[in-house]
Number of protein chains: 2
Amino acid sequence: MSGFTQASIQDIAKALGVSPSTVSRALKNHPDISEKTCKMVQEYAQKVHYRPNVFALGLKQRRSMTIGIIIPEIIHHFFSSVLSGIEDMAYGKGYRVMICQSNENHIREVINMQALLDHRVDGLIVSVSKSTLDFSHFKKAGDQQVPVVFFDRTCDEIDSDRVVTNDFEGARMVVSHLIKRGCRNILHLAGPQHLNVGRERYNGYVQALRDAGIKPKSNLVIKCDTPSKVEYRRSIILSRAPGIDGVFAVNDFSAAAVMRLLQENGFDIPGNIAVAGFGDDPLASMVRPALTTVEQRGYDMGRESARLLINRLDGNAKKEFQTRIFPAFLKVRESA
Amino acid sequence: MSGFTQASIQDIAKALGVSPSTVSRALKNHPDISEKTCKMVQEYAQKVHYRPNVFALGLKQRRSMTIGIIIPEIIHHFFSSVLSGIEDMAYGKGYRVMICQSNENHIREVINMQALLDHRVDGLIVSVSKSTLDFSHFKKAGDQQVPVVFFDRTCDEIDSDRVVTNDFEGARMVVSHLIKRGCRNILHLAGPQHLNVGRERYNGYVQALRDAGIKPKSNLVIKCDTPSKVEYRRSIILSRAPGIDGVFAVNDFSAAAVMRLLQENGFDIPGNIAVAGFGDDPLASMVRPALTTVEQRGYDMGRESARLLINRLDGNAKKEFQTRIFPAFLKVRESA
DNA sequence: AACTCCAGCGCAAACGATTGCGGAAAATAT
DNA sequence: ATATTTTCCGCAATCGTTTGCGCTGGAGTT
């Protein structure tokens, strides 16, 4: 009710005939303050809907109880899952979050970084954009004593905590599955190789082939990690199509797109060509045939990222940085 | 470079042998300060990477230059598009954003609201959660002089600026299209009727039927607005299926889910049953057959929401509240 | 009676930036 | 030469909260 203006500690102090310091202490049950006073203050504070001023707090304590997050694109189910995990853990520990999207754009990432640092976030959780090759903006965070946790797409140049999926093993598993199903000539729609995820998934693909005594062929690897790139490369994909019996795409979006492309051109999935993706996006179960893919535990990864960061912020983290590797799970559906 | 600690205005003042007030004014080219001093201060500030302290600023100016955003679920493409629109407009006008998800949960929405108010956002842009029936938390924003703009899912009880799609017309168009294609018995998977979007789309559906002289049947309207609800209601949907020749779902997710369900049970889309959705999610073009749907201009709606809000914040808005209605566009693909 | 001790509270200085007002020096006018 | 205006800058208060330190009065000790 109380209407317009937010009550401050001084307002409460004045109204109750005590000093601001007493109010401040009473609100946190400081032992110096008598029980009676505590109760009186707290009740009055409640009545006038007192809420601490975060600006004054931040100014005084030199911390914001806020975690900054930079992710490439929030629209991907994996990233939103991670986000939920981070939020839940953070809220539970009294932290808030501030979310920025880089839109896979390096410049935007740098701007976001600055904005978050300007807002004096206590720590950062980041998954780097595809177009980021220079990591100096992350070092700036280190300079300002702001710890960074990288998840999924990490930055090797910077010593930090990391939370990743076992991309290698996930890729190896799903490609092995394709081989077990009888595939011999498996096309890989690869992600950027300067990103750990792209590299690891590629490596897992190669490993699975080797395990089965199949020689990897470089013309069966195409850099192509979005639906629009699938469209852009349709002619080369279609030129390979007659000679292949399987596709492993670096993510579900490309997998769905290539599946559609192949279907439109008369190939039966999985009859002629089996298709597998990576990530288990909700999309995977909505397309036809439903997509065989690799499940990542995004939510748990988010929680763990936040846990690692907050431990460090609260000073109860080991000095050495850690890398948490989450298992990947093969999710067999209809497409392979 | 400069290492650990962020330089403050006082640090600069001390280093340059001037007063903090001079530095403050020099940094914004105040006419009281000589050109020479301005240049000196600005150059030094640049050198030490001076960045204003948002806490001090917020405390003094009693505004944060930050817009709070509450949306149901960021994972929906529509909402992320709106988000991008808001961000672009806001950044362009010197505002930052703080994003919260309600996850369609009323409690969470209330908490988010309080968190944003605690952070002293200057204004709010909100799309209300499905489970919100009580709007008192929004009134609290009004009490604190924090203007709110509602988009898409509005709140009728509160006088405010609004930005919406012409849901009625969109629904009418797409259902008319179904009818033109020959559909007579069209199932509607409806959203919650306490939300304007659910209601308007339903009304558009009814209007299209009436326009064609078809009598709406209540047993052809099922409340069902997510894939999991489609699953949950599969038996009733399938019991209706033999008698229908079209489906209009309140969003693309449900449309895709129902399409799969029907296909799995031997119905050909669009041969036996035509299916249409709403929203033009990227999903729509990835499923088979590609989904006929209604396009909403999410990005533009985001920009407009931010524009309306910022105009009000900057004091150059008319007193009366406005409602901006964005057109919807029929997007015909393969499913209908 | 004089002492110590402690519970309970207030003073005042931060944190970093802004801004109205006043004042010294320099420039201009008389 | 003095008077007047400009130019340029500093003082100090302010935003709301925290916190080290000091003060008071009453209870307990000797």
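Owing to the predicted nature of the structure, the values given are computational and were not obtained by experimental measurement. In the text below, chain A, chain B and the rest are named by the order of the sequence lines, each starting its count at 1.
Contact annotation: side chain of B:Arg25 to base of D:dG10, donor-acceptor pair present below 3.5 Å. Side-chain N/O atoms of B:Lys60 and base N/O atoms of C:dT18 include a donor-acceptor pair closer than 3.5 Å. On a pure distance criterion of 3.5 Å, no polar donor-acceptor pair joins the side chain of B:Asp32 and the base of D:dC8.
Atom P of nucleotide C:dA17 and atom CD1 of B:Ile9 are separated by 5 Å, given to the nearest angstrom. We find that CG of B:Leu57 is positioned 16 Å from P of D:dC15, with the value rounded to whole Å. At whole-Å resolution of the value, NZ in B:Lys14 and P in D:dC9 are 20 Å apart. The separation between B:Gln10 atom CD and D:dA13 atom C1' is 14 Å, rounded to whole Å. Between the CG atom of B:Leu16 and the C1' atom of D:dC8 there is a distance of 15 Å, rounded to whole Å. Atom-to-atom, CG of B:Leu27 to P of D:dC9 comes out at 13 Å; the value is rounded to the nearest Å. If you take CD of A:Glu35 and C1' of C:dC9, they are 16 Å apart, rounded to a whole angstrom. The interatomic distance linking B:Ile33 (CD1) with D:dT7 (P) rounds to 13 Å, in whole Å.
With DNA chain D read from its 5' end, the first of the two nearest nucleotides for B:Gly17 and B:Leu59 is the one closest to B:Gly17.
Checking the phosphate oxygens (OP1, OP2) of D:dC11, no side-chain nitrogen or oxygen of B:Ser19 falls inside 4.0 Å. The phosphate of C:dT18 (OP1 or OP2) has a side-chain N or O of B:Ser24 nearer than 4.0 angstrom. For D:dG16, the OP1/OP2 oxygens have a side-chain nitrogen or oxygen of B:Arg62 closer than 4.0 Å.
With respect to the salt-bridge test (charged N to carboxylate O, under 4.0 angstrom), the residues B:Asp88 and A:Arg108 qualify.
Here B:Ser21 lies in heavy-atom contact (under 4.0 Å) with a base. At the heavy-atom level, B:Lys28 lies under 4.0 Å from the strands shown only through sugar-phosphate atoms. Residue A:Val18 is in sugar-phosphate contact alone, with no base atom involved, counting any heavy-atom pair closer than 4.0 Å across all strands shown.
If you check the side chains of B:Thr132 and B:Glu109, you find a donor sitting under 3.5 Å from an acceptor.
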